[in-house]
Structure formats: C-alpha cells, structure tokens
Amino acid sequence: MDSAFNTAGALGWHELTTHDTEEAMRFYGEVFGWQFRTVKMPHGQYHLIENHGVGIGGITDNLIPALPSHWTGYVTVADVDLVAINAKKLGGDILFGPEDIPKVGRFCWIKDPQGAIIAAISYLSA
C-alpha cells in the first residue's frame with residue numbers, strides 16, 4: 001500500500017500555525033497523547049508531531065500576526081509549481097511559496113476562491 005507521502009492527491013500532513021507553540025504542544029499532547037520533536041528550519045523551530053513514533057504533522061509559529069491560529073492540510077502533488085500556476089488560473093491565490101523545505105520537498109499555500117486555505121507539497125524522492 002502506498003503512503004500519503006507518495007500518492008498524488010492524498011492528504012498526508014497536518015500543520016498547526018499558532019501564536020503559542022508551547023501551549024499548543026501541551027494541549028495536544030494531553031488531548032491526543034502526541035509527542036513532539038523539535039527541528040531547526042529556515043524560519044525558526046518546527047515541532048514535528050509524532051503519534052506512536054510516526055510523523056503526522058507539525059506545529060509552527062504564526063508568522064502573520066493578523067492570521068488566527070489554524071490547521072492546514074498538505075496534499076501530495078507531483079509538481080507543486082504547476083499546481084500553484086493552475087490554482088491561480090482557476091481564481092485562487094498563492095499565499096506562500098512555492099518554496100523549498102530543506103531535505104523534505106517543495107510546497108505552497110493556496111487560498112481557494114471561497115477563502116479556504118490548503119497546501120500542496122511535492123516530497124523529495126527517498
């Protein structure tokens with residue numbers, strides 16, 4: 001069975017962008033029993049969410065103060081740049097990226113014509 005990380009169209013990663021990462025980790029750690037592992041990224045610390053040792057998402061600082069804390073799903077795609085171009089053609093906006101994530105892949109955040117936000121990601125080959 002293919003994983004969500006190598007299946008185009010699969011929702012494979014969930015990310016919380018928040019104004020208080022420490023409080024979020026305390027809350028979700030208690031509610032769901034998640035563990036966290038912190039790694040250094042270009043924008044600062046990124047807290048990987050692990051469920052029984054399996055990475056399922058991340059928690060990061062909100063870099064846009066006016067934006068409330070929120071969850072974003074990441075959809076696996078073959079070519080994130082092409083997805084960004086198509087989203088714009090179809091009336092969406094690109095809020096962030098496309099940009100590389102070192103040792104992970106390339107991603108962008110998309111706002112659809114109704115205002116909902118989702119992300120697209122192309123993972124590096126293993």
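What's counted below: heavy atoms across the whole structure, side chains too, no hydrogens, waters or symmetry copies.
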To the nearest 0.5 angstrom, please state how far the CG atom of Asp61 sits from the CG atom of Leu16. 10.5 Å
List the steps and the verdict of side chain to side chain contact (heavy atoms under 4.5 Å, CB included) for Phe107 and Trp13. CA-CA 12 Å; Phe107 80 105; Trp13 193 256; over 6 Å; no
Considering non-hydrogen atoms only, spot the tightest contact between Ser122 and Val77 and give its length. OG-O, 3.1 Å
May I ask you to decide if the ring planes of Trp109 and His70 are parallel, tilted or perpendicular, using 30° and 60° as cut-offs? perpendicular
Taking all non-hydrogen atoms of both residues into account, name the closest pair between Ile94 and Cys108 and its distance. CG2-CB, 4.3 Å
Rounded to the nearest 0.5 Å, what separates atom CZ in Arg26 from atom CG in Asp20? 6.5 Å
Donor-acceptor contacts, no H, no angles, side chain residues 32-40, under 3.5 Å, sequence neighbours left out:
unit_1, atom_1, unit_2, atom_2, d
Gln35, NE2, Gly33, O, 2.6
Arg37, NE, Glu50, OE2, 3.1
Arg37, NH2, Glu50, OE2, 3.4
Thr38, OG1, His47, ND1, 2.8

What's the spacing between Ile101 CD1 and Leu124 CG if we round to 0.5 Å? 9.0 Å
For a side chain to side chain contact (heavy atoms under 4.5 Å, CB included) check, start with the C-alpha distance between Ile117 and Leu95, then their side-chain angles and the critical distance, and finish with the verdict. CA-CA 9 Å; Ile117 298 171; Leu95 299 179; 3.6 Å; yes
Hydrophobic clustering (ILVMFWY, side-chain heavy atoms < 4.5 Å, transitive) - are Ile56 and Val75 grouped together? no
Side-chain touch Gln45/Thr21, heavy atoms, less than 4.5 angstrom: no
Straight-line distance of Thr18 OG1 to Tyr28 OH, nearest 0.5 Å: 8.0 Å
Spacing of Ile85 atom CD1 and Leu90 atom CG [to the nearest 0.5 Å]: 12.0 Å
Using every non-hydrogen atom in the two residues, find where His19 and Ser69 come nearest and quote the distance to one decimal. N-OG, 3.4 Å
Ile121 vs Val104, test: side chain to side chain contact (heavy atoms under 4.5 Å, CB included). Steps then yes/no. CA-CA 9 Å; Ile121 187 164; Val104 176; 4.2 Å; yes
Decide yes or no on side chain to side chain contact (heavy atoms under 4.5 Å, CB included) for Val83 and Ile110, but give the supporting numbers first. CA-CA 9 Å; Val83 166; Ile110 299 165; 3.8 Å; yes
Nearest heavy-atom pair of Pro68 and Asn62: which atoms, and what distance? O-ND2, 3.8 Å
By side chain to side chain contact (heavy atoms under 4.5 Å, CB included) - contacts of His14 (at least two apart): Leu11, Trp71
Drop me the distance from Ile118's CD1 to Tyr74's OH, to the nearest 0.5 angstrom. 10.5 Å
Taking all atoms of both residues into account, what is the closest heavy-atom pair of Pro98 and Ala84, and its distance? CG-CB, 3.9 Å
